[in-house]
Every structure is written in structure tokens, then in C-alpha cells.
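One structure below.
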2 protein chains.
Amino acid sequence: MTNKSPARTPRITIREVASDAGVSVAAVSKVLRDAYGVSDALRAKVQASMDKLNYRPLASARGLRGRTYTLGLVFPDLRNPFFADIFAGVNSALERTRYQAMQGVSVSASSLVEAMIDRQMDGLVLIGPNETNERLNDIADRVPLVAIGHHDLEDARFDTVNNDDQLGGRLAVRHLCQNGHKKIAMLSLAAPVSTVINQRELGYRLELTEQGLGGSINIVRAPQVLREVQLILRRLLEGKDRPDAIFCWTDLMAFEAISVATELGLSIPEDIAIVGYDNTVFCEFSQNRLTSIDQSGEVLGLQATRLLIERIDGRSHSEHFVVTPRVVARASSAKVS
Amino acid sequence: MTNKSPARTPRITIREVASDAGVSVAAVSKVLRDAYGVSDALRAKVQASMDKLNYRPLASARGLRGRTYTLGLVFPDLRNPFFADIFAGVNSALERTRYQAMQGVSVSASSLVEAMIDRQMDGLVLIGPNETNERLNDIADRVPLVAIGHHDLEDARFDTVNNDDQLGGRLAVRHLCQNGHKKIAMLSLAAPVSTVINQRELGYRLELTEQGLGGSINIVRAPQVLREVQLILRRLLEGKDRPDAIFCWTDLMAFEAISVATELGLSIPEDIAIVGYDNTVFCEFSQNRLTSIDQSGEVLGLQATRLLIERIDGRSHSEHFVVTPRVVARASSAKVS
DNA sequence: GCAAAAATGTAGAACGCTACACGTAGAACA
DNA sequence: TGTTCTACGTGTAGCGTTCTACATTTTTGC
């Protein structure tokens, strides 16, 4: 059946390079890996042949013995532009290395992670993983691992890179309080309990309490589904005890909040102030003007990659990097007199 | 140096499965590939051992002889939520297959494509590639290839999946005309000339001419950079000969247009109507209410994947799939009396 | 000028699979 | 009964690298 497709141009192999350069295969391999014991003369000769023949080592073959020089990134979804920031950071960290990043997308990292391990990724970066430490440790036992957005550090055999989500929650609330808001609700995530969300909720709670507004704590949770979020927001905004501000766990939700509020004829920030999280590019648009907590996705991506490569290179103790979030104030939460 | 990280749990190999099941390695391999010549009894025995040992074939090793069951997707960027739709289509096509998709992101596909070929992807889907047919054919000679968003079919040795971008451009203009707009500008892409953009521009031109408005053809081109787009939009909207509608080559640009127009105190659609392309989720939000041309990203992704797998399975003639776009009308281009 | 050490290069055995080439046994056919 | 098929298993040679030994040459130290 499935006859091999027509005459694919065959690849140049290390053997051909070796023979062209008049050296052994081992020598070429050494040059490739800049291993010890190569004279400048030999290196030059081999380089010349590689360039001439346009040789590229085959990752599968390398993987069978050593590294594939491939890192796997696991994103929970592709719709949130925040992940583009993280990705930019990863790329800039990879710039002068021989590593390449390959992405996968999956809400439940599980099967994708296995697929990546099957494909000999040298290391994995999991972004916002909904996994227990036990499960993550299990993965970390098989491949170098860094998690971005995971706050349970107990007994972690992997690295983490986080922004201080609790502080982020606090900052959002503090900012809203400073601008005169008293009834601050939080729109949080329902379905998969994540340590990130927990921390943001905790920050929200603590700050509200410290501001003497502990009585008005009001967390509503919605799944990621557009329709559901709309419904819940509508209920929140139409209820008789309407809040005067909403802190949304991500910009995407905040945009939805703006949408629903606008639709209900409420004006922002006079009737309802809104604060998001991530400070994505869309916040800047005049139709949104969304105040947001910036967690420097680019830094997160960069640091995660740095840590991962360190791990691949042999570090065995865990490191945990934390970024301090900051408020980027825009009209959606401006002071109302 | 770089001592191998601490005691990674070693992988189960085909040999161990074979010995556990009491059969030859070749037999296990046959089961794995459901090759010809396996009795039900043997298959069952092997399956049992594989399950028991939790065996997973190593893609690198497979790749050295046969397939890796990995498809590579190349996205031009990650910020545009439209690509999430395409991805959803790819995933649904992959559902009941043994293939896995890995994504990469790169404006100039070139080096990423090489990296993917190095990594033995069984086939590639290039989304909105900025490459000549010559270059694409060169790739296609080395790996099964499908391009999404590429209109030059001449002598193409790869498959393509497109929406009819020329019709899309026509539809946008026709819709605006029907709603009473006369001076319709088009915001197009500057830097990388792409066949997609060309077609949309052509559709814009042709339709405008047919509507008897050929004299008002006005195409302004901006690069993908946010700042530049703003500048150019501002110039367009502040000029003395302001258009009464803008057709933007992608929703993202349209959102920017909404932003700039709003900032300038113009109201939409009264002062300026706006139409986008892609019909991304954000169009629906009340702060945007953006009329957009829907090109069914999900269908594009699904068909591309289907074609790619056919190619991998041996088809050697090219196929070209076309989706018909449609207008999704919203407030941003409503009729003004 | 000589031994020891350092530098440079090579052979060749893996790595975990696939797939070709066979071997064997029972069924079908004449 | 002998011959030819067909179905089912197995042995094993690679695939393109890496990397450990080891051999050879050059440099260093005195």
C-alpha cells in the first residue's frame, strides 16, 4: 500500500561530510558538539565541508545517543495573547544557543507531555500546568522540567518561574481602593483549581480585609467557556447588589466584562471599574483602556528557558524564580469623584 | 562537564516488551505498526505486555527507519487568535489518528522549517508562508507539505488550503457599499508581500470598480508593528479626505483602527465604518462589534491536516482546497441613514 | 635529550526501532 | 501424494548519530 512518496532528495549524512573532509566520522561529531580534542585546522576543514555540503545533523539520530537540542513548550491554550509574550521571552533566551523550541497546546498537559517525552525533548516548560506536584515530579524524574505559573514548591524536583500572584491580587485591590472603590468583586476561574488562581484569590482576600473591606469579599467563578462567563457576569452586574469594581483573573475575562457591562448600558469606570491581569497588548486599545497587572511574560519565558538549560546541563537542585508584578493603570479603573 | 542529570528512570524498550511477551522484537514491531502477518493471539499477548509495562515507542528511533508520527505546524505569529481556530481544526482531524502536532512560530518560515525537517516531522503545514513557490517546492521535495494561505498554484508540488481571499475582499467592499459607504479605503500589509494580501487587494479593487467607485481606490499599507499601524491610521483618519469606511486585512488591524478612530473622537460606524477579516472571537465583544469576513479557520486546519496525511500516505499529485468566505455583519459597519 | 603529560585523531559499539529476507507449518489444490 | 499457497513468526542489518577506548603525535618540564 502506502508506497513511499516520490523520490525525496536524500539527506547528507555525517559520513559524507567526513569523507569529503578526509577525516573520521568521530572527528566530525566532535566538531559538531564542540567536544574536546579538535585542532583549529581540523575544525576548519570540517566546517568547510559542512558548509559546502549544507549538512545538518539529524535530530532523531542524535537523540538516540545524546541530545536532540529541542525544548518542548506546553501551552494551555492559544487564544490568550499573553502566551505570545512568554514565547517571545523563550525565543530571546534561545537566540544564541543551538536549541529549538517546539510548542504543543493542551489543557490537560498529560498526554502531550508524554508525546513530547517520546519525541526526545531535552527539556520541558509547562505553562500554567494543572497538575499535582506528584505528577510533576513524576515527569521531572524523566525529563528536565520547568513550570511557569505553579506555586506549590513543596518537595518540587523541578524549577518554577512565577510572578507573585498573591501580590498581584493585592495590588489590584489596593489600586481599586485607592481610586475610591468599595465593593470589589473578583471574577475567578471555576473548573481546574490552580495554584495561580488560589494565590490571586488569596491576595484579593487579604488585601480587602486589610483595607477594612473584608465584609464585601465576593468571588464569582466561571469556567473558561465564553457563554458561561457572559451569563455569570450578567447575573453579577444585574443583581441588586452590584459591585462597583471587578478584578478579573485574566485580561481575556476582563474584556468580556467590559463587553457585558457595555451591553448593559453601564459605563466604565463610573458605574463599574475593571482590572485585568497580564497586561496584554489589547489593554492599550481605546475601546478597552484596561487597567491590568503586568507580570512580564517575556521575563517569565526568558527565565524559564535559562533555568531549563541549566537543568539540562546537569543542575539537580531546584530553583524558583519570582517576578514582581506591577499595576498598569488605565481608564477602566480611573478615579471617579 | 555537564554530568548527566541524576538517575533518570530508564525507558521500557521494545526488547523488554518482546521478552515479557515471549515473542521476537520483530513481532512486537509488527503489532506496533499493525503490519501484515500477526495472529490475534500474538497481538493480544503483545498488547498485554505493552500495557503492563506501560511501553511507549521512542519517536527518534522510529524516525531513523520510518515515521515519527509527528506533524509540524508553522505559525507566522502567536498574537492573532485566528490561528487558534486553525489549530482547533488540526486537532480535531488528528483525533483518531496516531499523529501528534508540534507547533513552531516564525515570521520567516525558513530556519524553522529546516529545524522541523531535522526533527523528522512526517509532514509540515505552513500557515501564511511568505515564501516563493520555488522555495516551497524545494521544501516539498524533502517532506510532505501543505500550505494554508498561499495562492500561487502554478507548478506547485505541494497542497494548498485557502479561503477565496479575492472573494473575501469583494464581499467586504460589497457589504460596505450596500450599507451606503462610498469612500472605502483598505488597510493592507506592507512588508512581506503575500499572495493572500494580493488577492484581498485585488478583490477590493475589482469590486470597487464594478460598483462604479473605481476612482476612490485607496490602499494604505502598514507593517505588522503596532506603532506604525497607529501612525498610518491616524494620518488616514486625520487627512482632509477622510474615507467613510476602512476594510482591514485582519481583525487585529481592525481593532487598532477602532482604537485610533475612537481616540480621535470619531464614532463607528457613523463617521467611519470598519470591516475586518477572520471573524475572531473578539469581534463579538460589545466594545468592538466588528463586522468581519469569516474564513472558517477550523475548516482550513482540518482540511490541511487531512490532505497532509494523505500525502504522507503516498499521494503525489497536488490538491487544492478552497473555502468560501462569508460576511458576518455587526455594528461596526451598520447602515447609516 | 628523554620521560611524562597533553593534545589530537580514529575505530567501532551502541541507541531503539523498522523492514527486508527467510523459515516453517498447515491448508488447498490437482 | 506431492506441490503450491498463504499465514504467521523470527533474525538481523541497518538508520545517523554519540562517545568510550585507544593509538599516535606533539608539547612540556627538567
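Keep in mind the model is a prediction, meaning the values are calculated, not measured. Below, read A as the first sequence line, B as the second, and so on, with proteins coming before strands; counting in each chain starts at 1.
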Picking from dG14(D), dT18(D), dT10(C), the nucleotide nearest the side-chain atoms of A26(A) would be dT10(C)
Please report, rounded to the nearest Å, how far the P atom of dC15(D) is from the CD atom of Q120(A).
20 Å
Interatomic distance where CG belongs to L64(A) and P belongs to dA13(C) [whole Å]:
17 Å
Taking salt bridge (Lys or Arg N to Asp or Glu O under 4.0 Å) as the criterion, tell me which of R62(B), R98(B), R11(B) meets it with D118(A).
R11(B)
Under 4.0 Å, heavy atoms only, any strand: does R33(A) hit a base, just the sugar-phosphate, or nothing?
base
Under 4.0 Å, heavy atoms only, any strand: does R15(A) hit a base, just the sugar-phosphate, or nothing?
base
Short side-chain N/O contact from S29(B) to OP1 or OP2 of dC17(C), under 4.0 Å:
no
Return the value, rounded to whole Å, for the distance between atom CZ of R56(A) and atom P of dT17(D).
12 Å
Would you list the atom pairs, donor with acceptor, under 3.5 Å between side chains in residues 84-95 of chain B and any protein atom, with sequence neighbours excluded?
residue: D85(B); atom: OD1; partner: R79(A); partner atom: NH2; Å: 2.4
residue: S92(B); atom: OG; partner: G89(B); partner atom: O; Å: 3.2

Rounded distance in Å - CZ (R62(B)) to C1' (dG16(D))
18 Å
Give the rounded distance in Å between these two atoms: CZ of R119(B) and P of dC15(D).
22 Å
For L308(B), the option from V146(B), D313(B), D159(B) that meets side chain to side chain contact (heavy atoms under 4.5 Å, CB included)
V146(B)
Give a yes/no on whether any side-chain N or O of Y69(A) is located under 4.0 angstrom from OP1 or OP2 of dT18(D).
no
Do NZ/NE/NH1/NH2 and the carboxylate oxygens of E319(B) and R157(B) come within less than 4.0 Å?
no
Measure CE/M50(A) against C1'/dG16(D) and give the value in whole Å, please.
15 Å
Give a yes-or-no answer on whether the side chains of S318(A) and R311(A) include a donor-acceptor pair shorter than 3.5 Å.
yes
Looking at N137(A), I139(A), V113(A), D138(A), which one forms a side chain to side chain contact (heavy atoms under 4.5 Å, CB included) with L145(A)?
I139(A)
Rounded to whole Å, the CD-P distance (E16(B) to dG16(C)) equals 8 Å
Side-chain donor or acceptor of S39(A) paired with backbone N/O of L42(A) under 3.5 Å:
yes
For dA14(C), does either OP1 or OP2 sit under 4.0 Å from a side-chain N or O belonging to R65(A)?
no
Could I get a table of every N or O pair under 3.5 Å where one atom is in the protein and the other is in nucleotides 6-9 of chain D?
residue: dA7(D); atom: OP2; partner: Y36(B); partner atom: OH; Å: 2.5
residue: dA7(D); atom: O5'; partner: Y36(B); partner atom: OH; Å: 3.4
residue: dG9(D); atom: OP1; partner: S39(B); partner atom: OG; Å: 2.3
residue: dG9(D); atom: OP2; partner: S39(B); partner atom: N; Å: 2.9
residue: dG9(D); atom: OP2; partner: S39(B); partner atom: OG; Å: 3.1
residue: dG9(D); atom: N7; partner: K30(B); partner atom: NZ; Å: 3.0

Check the distance between dC15(C)'s P and L58(B)'s CG and give it to me in whole angstrom.
12 Å
